[in-house]
Asks: 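Following this message is one structure expressed as structure tokens.
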Amino acid sequence: MRGCGLSRRKVLTVLATLSASSVARADDLEFISFGGLYKSFGVLGYEFADRVRALSGKRVSMAGYMAPPLTAESTFFVLTREPLAICPFCQSDADWPVDILVVYLEQATPLVTAGAKVVVAGELEVGSLADPETGFVSQIRLRHAAYRRA
Amino acid sequence: MRSTSAGIGLLATLIVSPVFAQTIYPLDRAEILVGARFDLKVEFPGSPALSAVSVTIDGESAEKMLGGSVEYVEREDGQDYAAFLIRNAGLTKPGIHTVVAKAGEKTSTVKWELFDTPNGAAAKNVILFIGDGLSVAHRTAARIMSKGLVEGRYGGELAIDDMPQMALVSTSGTDSVVTDSANAMSAYATGHKTCVNAMGIYCSRAKGNLSHPKVETLGELVKRKRGLAVGVVTNTEIEDATPAGMVAHTRRRADYNDIVKMFHDVKPDIIMGGGSPNFLPKSTPGSKRADEENFVEKFKADGYTFVSTASEMSAAATAGKTKMLGLFNTSNVDGAYDRKFGKGATSKFPDQPDLVDQTKVAIEALAKNENGFMLMVESGRIDKYAHSLDWERSVYDTIMLDNAVKAAKDFAGKRNDTLVIVVPDHAHMVGILGTYDEDLPGGSPREKLGVYEKSKFPQYRPDKDGYPESIDLKQRLAFTFGSYPDHCFDARPHLEGEFVPAVAGPEKGTYVANETACSNTSVRVTGNLPREANTGVHAADDVVLTAMGPGAEAFRGRIDNTRVFRVIATALGLGRE
């Protein structure tokens, strides 16, 4: 993917707007864009970018849209590149995009909806995992995360 | 319900159990092909013992008539009824059969019509085209945009129109007036109606999605009875309802992983579409599976050539391959508009095939089977773009369907052994109201609308394939939708990407207008659908079927959607042993 230089920059500007919370120390965090997640993207699956693999286990930040959550307050939501019009958990013919990020929040938090853009900071985890409660399978996650509206 | 003069025993039963009579599946008035497999299920309320119930067909025990053994489940899934099941049964005698289920004083009766195909095989091959959601206005718009309209006369005929037989098809299912693509395709593929979200089953009271009484699909039937080659070709995800209907038995169309397994169980020779993630083991980034099964590798091990691009597909065809798994996108294959103008996901998947090329490759491969073939081709995004109120993209994919049908007619026209059917699965509420004219004064859509004598013939300038070179004309069709969520409407084409009319609202499960579509030239349209709807919805209107080739003459007047299966079964002589 192009645009690596852009995504590599530290996101002082975005995260400066965050209030005092675990997200606020984001000035030290590397920012990963959705466009920078993968180095190849094909029918037989994706390969994560080398930079993403290298950042696994470290705290990073990402910006995207919160998919309509299952409950108003939760420790779990899905971050998408574009706003989702549908709740993938609730509709039978949901068209769930593949490039998504699962966010596990540090604590149960009221979740913003209406396609709000959010910035999330958390510990990056790469690898296949089925959520023990919902069975939802993800390949990349942020743990111990917090978010703010962008 | 039965008579209210029943005795105390019945009243006692009614008090302790939900009020419903025995339900017999297949339901009353089912049309069943002789020899086709189905599960008989009867649900006895109040969960009586097996010794207290009887199920007969034409006065004989069902067990004897169907030649299977009875499974009897008291309190199925913990519910207050007993399930009487004979699986994988079949009847061979044509005519009306009367099925009676008794428990004490309560009796339920249904009649089935067993139909034979006495004249043998009139057709060697069947090509069934499904225009998903294809409605009359899509057809008219496709004709105006690809053939031109001058002084009230068209510059040519669509291939889908230019066929000798035509019929009106009614699409309602067993549960509702308005159907969905699963239920609708199931009627074509099994000859039985079912309910919304279901395929290849009757919707019983069982709780498991895979536990309902099954009926045999065309994919299974034509292989088992005739040794035909089978092709399932679409531009949606291959697991989506229409392609899945050829092989699947499930109460829930969204269970894609189950459906991938069903494709693998039936093994159509040609399988092409999008939706690769459900084929990949969960450890592969991009997978949507919950296990480590790798269905791409399984199909390869079974002799399939796997192709993921148009070039690979052509190469496989040139090499004479007869078994192909083609997965060209992780989601739906991009529509004709987005591929022509390089939008959608074409930057990620730059070499996706056109449905026309998929159709040609499929026909060439399947025709190598000396017993003949059954090919289903779906133009699936006509419907998806109609849901998103993006009519130009729907019409581009209607033109694509037309081109694919032309390719099939070119094949069928050289021989007299191929039945070609073009049919929508359900309608959308769409219509052509007139034209929008940028030269009319005023800024709002209604001021730019020309109706009656002000709806001048637009000039869409089709390319060699019939696709307009531009949709961004000063004067263009006013194509309207009859059902919609809250949205902003500017009467302009969505050049850069598919329209997203509504997004999730602040209240859980409800949707509001997508503000990114709102501007000073748009108007806010209050939705006429429940607030839980985020797109337009299907309509119950009848749809137009056209057909040609041996057996097609049976299509005339108004028919139920199940009749399409019956005509196919009759043309292929599937009743014969």
Asks: Is the count of non-hydrogen atoms from other residues, nucleotides or ligands lying under 6.0 Å from A:Arg143 atom CZ greater than 12?
Replies: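 Yes, CZ of A:Arg143 has more than 12 neighbouring heavy atoms, counting only those of other groups under 6.0 Å.
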Asks: I need the A:Ser138 OG to B:Lys282 NZ distance, nearest 0.5 Å.
Replies: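 A:Ser138 atom OG to B:Lys282 atom NZ measures 10.5 Å (nearest 0.5 Å).
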Asks: What residue, out of B:Gly275, B:Ser308, B:Ala182, B:Ser283, has the most heavy-atom pairs lying under 4.5 Å from chain A?
Replies: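 With the most close heavy-atom pairs to chain A, the winner is B:Ser283.
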Asks: Do the side chains of B:Pro285 and A:Glu47 get nearer than 4.5 Å, heavy atoms only?
Replies: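 The answer is no; the side chains never approach within 4.5 Å.
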Asks: Check each atom of B:Phe328 against the heavy atoms of chain A and say whether the ones under 4.5 Å are side chain, backbone, both or neither.
Replies: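 Just the backbone, heavy atoms under 4.5 Å.
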Asks: Test side-chain contact (heavy atoms from CB on, under 4.5 Å) on A:Tyr46 and B:Thr284; report intermediate values, then the result.
Replies: CA-CA 7 Å; A:Tyr46 308 157; B:Thr284 300; over 6 Å; no
Asks: Under 4.5 Å heavy-atom distance to chain A, tell me which part of B:Leu327 shows up: side chain, backbone, both or neither.
Replies: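 Both the backbone and the side chain of B:Leu327 come within 4.5 Å of chain A.
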Asks: Taking side chain as everything from C-beta outward and backbone as N, CA, C, O, which of these in A:Leu44 sits under 4.5 Å from a heavy atom of chain B? Side chain, backbone, both or neither.
Replies: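 For A:Leu44, backbone and side chain are both near chain B.
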Asks: Between B:Thr330 (side chain only) and A:Val43 (backbone N and O only), is there a donor and an acceptor less than 3.5 Å apart?
Replies: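 Such a contact is absent between B:Thr330 side chain and A:Val43 backbone.
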Asks: More than 12 heavy atoms of other residues, nucleotides or ligands under 6.0 Å from NZ of B:Lys343: yes or no?
Replies: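 Atom NZ in B:Lys343 is crowded, with more than 12 foreign heavy atoms closer than 6.0 Å.
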